[in-house]
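Handing you this structure, nothing more for now.
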Amino acid sequence: MGGEIKGLIKVCLSVLASLCYSYFIVSKIPKGKFRLLSLLPIFSLFVALPLFLSTAILSGITAFFITWLATFRLALFSFDLGPLSTGSPKSLLVFIATACLPIKIKPNKQHPSRQDPHKPPRLPLNFAVKVLAFGVFIGFYQYKELVHPKIFLGLLCCQVFLFLEVLFSLCSALVRCTMGLEVEQPSDEPYLSTSLQDFWGRRWNLMVTNLLRHTVYKPVKSAAETVMSERWSPLPAVVATFLVSGLMHELLFYYVNRVSPSWEMTSFFVLHGVCLVVEVGVKSVFSGRWRLHWAASVPLTVGFVVATSFWLFFPPLIRAGADMRVMEEVKVLFEPMREKIPLLPLLNSTREQLLLFDLSGRHK
């Protein structure tokens with residue numbers, strides 16, 4: 001544990017020094033290739049930083065926040081684009097937070113939009129409910145050997161969603177409390193998505209969606225317009241965006257698993273990219289003439305996302321034992337709460353009774 005803390009301190013100091021260099025020196029270089037070249041050593045460092053950590057949670061968070069978000073945002077910064085360059089001049093603290101946290105600062109107060117009758121009603125879940133639900137799911141995770149594999153995968157889906165929601169909410173709260181800034185929601189109830197376009201474009205992990213839109217989708221779309229019509233240029237841009245997302249997920253989970261990628265995760269995202277292109281094509285054919293009610297489109301969309309994640313997304317994680325490593329590390333964090341949440345000890349005792357019953361049944 002002491003070695004991990006030392007590694008975390010080295011990572012934090014390296015990130016702080018790199019972003020100070022970007023803020024004070026790189027920002028003075030004219031935008032374009034020279035600014036990009038001045039950032040190449042930083043990119044190389046950010047790729048290596050997760051390797052200084054051994055725990056799955058810290059490695060994964062560092063890879064996501066630094067290797068992915070900060071690197072892509074600094075790449076946009078090279079051309080005076082993205083959140084690090086837009087808006088009013090930023091203080092050093094705001095620059096650092098914007099570079100490496102999964103946040104998007106609100107430019108100004110936005111008026112609430114009317115409820116679309118074609119969309120399902122909102123089901124707001126506050127932070128406390130998400131934390132409690134995540135803790136309960138951790139307790140149920142101990143039943144892994146007693147439940148059907150498909151049920152276990154369903155629980156894993158819920159745990160991943162809740163973990164990211166809690167993590168993003170903590171980052172947003174940190175920015176609000178320390179800097180007094182309002183930030184946008186990182187996700188918008190993805191379990192109510194009415195289509196793949198709605199899920200990936202407007203509901204799930206909006207920070208990454210916006211980042212990929214500027215770093216991959218728009219450049220590829222502009223390049224495609226030189227060889228094909230403007231009507232068809234978004235199609236290769238969508239597939240390229242999902243391909244990059246898949247490769248980045250392979251890299252993130254390499255840091256967590258430290259095993260060679262199986263490319264199943266890349267296949268998952270490429271499959272969704274192709275299906276989204278087909279979906280957009282079907283919508284253009286039936287535009288304005290026919291539309292599924294949300295009561296039918298939500299189960300179809302969420303069911304497709306969950307089913308394909310069972311098939312391609314989660315298996316490489318489970319084979320490498322990454323899920324068990326993460327849960328064991330999370331349980332250490334939740335250990336002080338065991339006595340304060342009576343349900344967790346109850347789940348443990350119930351699990352032991354079920355195990356004894358299961359073993360006695362096998363002996364018979």
Side-chain angles (χ1 to χ4, degrees), residues 1 3-5 7-8 11-12 49-69 101-102 127 130-147 149-171 186-187 190 204-205 207-208 245-246 248-262 264-266 268-269 305-306 309-338 341 343-344 347-348 351:
M1 191 65 182
E4 189 73 356
I5 293 176
L8 181 60
V11 168
C12 292
L49 284 179
L51 299 175
F52 288 92
L53 302 167
S54 58
T55 56
I57 292 179
L58 289 180
S59 299
I61 291 176
T62 301
F64 179 45
F65 286 12
I66 307 304
T67 307
W68 191 346
L69 296 185
L101 292 180
F127 179 73
K130 292 173 183 177
V131 172
L132 180 60
F134 184 63
V136 171
F137 275 120
I138 292 173
F140 279 115
Y141 203 90
Q142 300 177 71
Y143 292 94
K144 179 178 179 179
E145 64 271 27
L146 300 176
V147 300
K150 298 300 182 184
I151 298 177
F152 168 72
L153 285 173
L155 293 174
L156 191 56
C157 278
C158 295
Q159 287 168 344
V160 169
F161 166 71
L162 290 170
F163 176 76
L164 291 177
E165 285 288 296
V166 170
L167 179 64
F168 293 168
S169 297
L170 288 174
C171 293
S187 295
W204 174 246
N205 206 347
M207 304 303 106
V208 170
S245 180
M248 290 306 300
H249 278 81
E250 295 281 6
L251 180 61
L252 295 187
F253 290 116
Y254 169 77
Y255 291 125
V256 173
N257 299 331
R258 305 295 166 92
V259 297
S260 299
S262 63
E264 291 166 275
M265 209 160 287
T266 302
F268 169 83
F269 284 96
V305 173
V306 171
S309 67
F310 285 7
W311 174 32
L312 294 170
F313 191 89
F314 290 114
L317 297 179
I318 295 173
R319 284 197 304 267
D323 58 321
M324 296 302 297
R325 287 180 58 203
V326 170
M327 286 302 110
E328 288 300 320
E329 293 171 12
V330 172
K331 281 168 61 179
V332 173
L333 299 177
F334 271 82
E335 194 66 27
M337 301 173 60
R338 284 172 55 87
I341 304 179
L343 183 59
L344 296 182
L347 289 173
N348 289 335
R351 172 180 176 270

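These figures come from a predicted structure and were not determined experimentally.
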*Any chance you could measure Glu165, atom CD, to Asn205, atom CG, to the nearest 0.5 Å?*
9.0 Å
*What closest approach, in Å, do Cys171 and Leu101 show between heavy atoms, and which atom pair accounts for it?*
SG-CD2, 4.1 Å
*asked:* We want to know whether Glu329 and Thr55 form a side-chain donor-acceptor pair, criterion being a heavy-atom distance below 3.5 angstrom.
replied: no
*Any chance you could lay out the side-chain contact (heavy atoms from CB on, under 4.5 Å) test for Leu156 and Leu317, step after step, and finish with the verdict?*
CA-CA 11 Å; Leu156 191 56; Leu317 297 179; 5.9 Å; no
*Rounded to the nearest 0.5 Å, what's the gap from CG on Asp323 to CG on Leu155? Could you check?*
11.5 Å
*Is any side-chain heavy atom of Pro316 less than 4.5 Å from a side-chain heavy atom of Ser262?*
yes
*Distance-minimising heavy-atom pair for Ser54 and Glu4*: OG-OE1, 2.7 Å
*So do the side chains of Ile318 and Phe152 get within less than 4.5 Å of each other, counting heavy atoms only?*
yes
*asked:* Once rounded to the nearest 0.5 Å, what's the spacing between atom CG of Leu8 and atom CG of Leu49?
replied: 11.0 Å
*Who are the salt bridge (Lys or Arg N to Asp or Glu O under 4.0 Å) partners of Glu250, not counting sequence neighbours?*
none
_Flag, side chain of Thr62 to backbone of Pro50, donor-acceptor distance under 3.5 Å_ = no
*asked:* Evaluate Trp68 against Ser245 for side-chain contact (heavy atoms from CB on, under 4.5 Å), listing each step before the verdict.
replied: CA-CA 10 Å; Trp68 191 346; Ser245 180; 4.1 Å; yes
*Which of parallel (below 30°), tilted (30 to 60°) and perpendicular (above 60°) describes Phe313 and Phe253?*
perpendicular
*Looking only at heavy atoms, what is the nearest atom pair of Pro315 and Glu264, with distance?*
CB-OE2, 4.1 Å
_Nearest-0.5 Å distance that lies between atom CG in Leu164 and atom CZ in Phe64_ = 7.0 Å
*What heavy-atom pair brings Phe161 and Pro190 nearest, and what distance separates the two atoms?*
CE1-CG, 3.6 Å
*Yes or no on side-chain contact (heavy atoms from CB on, under 4.5 Å) for Val208 and Leu69, after CA distance, side-chain angles and deciding distance?*
CA-CA 8 Å; Val208 170; Leu69 296 185; 4.2 Å; yes
*Return the minimal non-hydrogen interatomic distance between Asn257 and Ala322, and the atom names on each side.*
OD1-CB, 2.8 Å
*Would one find more than 12 heavy atoms of other residues, nucleotides or ligands at under 6.0 Å from atom OH of Tyr254?*
no
*When you measure from the side chain of Arg325 to the backbone N and O of Val256, does any donor-acceptor pair fall under 3.5 Å?*
yes
*Start with the C-alpha distance between Phe163 and Val326, add both sets of side-chain angles, then the distance that settles side-chain contact (heavy atoms from CB on, under 4.5 Å), and finish with yes or no.*
CA-CA 11 Å; Phe163 176 76; Val326 170; 5.6 Å; no
*asked:* Restricting to non-hydrogen atoms, name the atom on Tyr255 and the atom on Ala63 that form the minimum distance, rounded to 0.1 Å.
replied: CD1-CB, 3.3 Å
*Is the CZ atom of Phe52 crowded by more than 12 outside heavy atoms at less than 6.0 Å?*
no
*Out of curiosity, Ser59 OG to Arg258 CZ, how far, rounded to the nearest 0.5 Å?*
4.5 Å
_Euclidean distance, Leu153 CG relative to Phe314 CZ, rounded to 0.5 Å_ = 7.5 Å
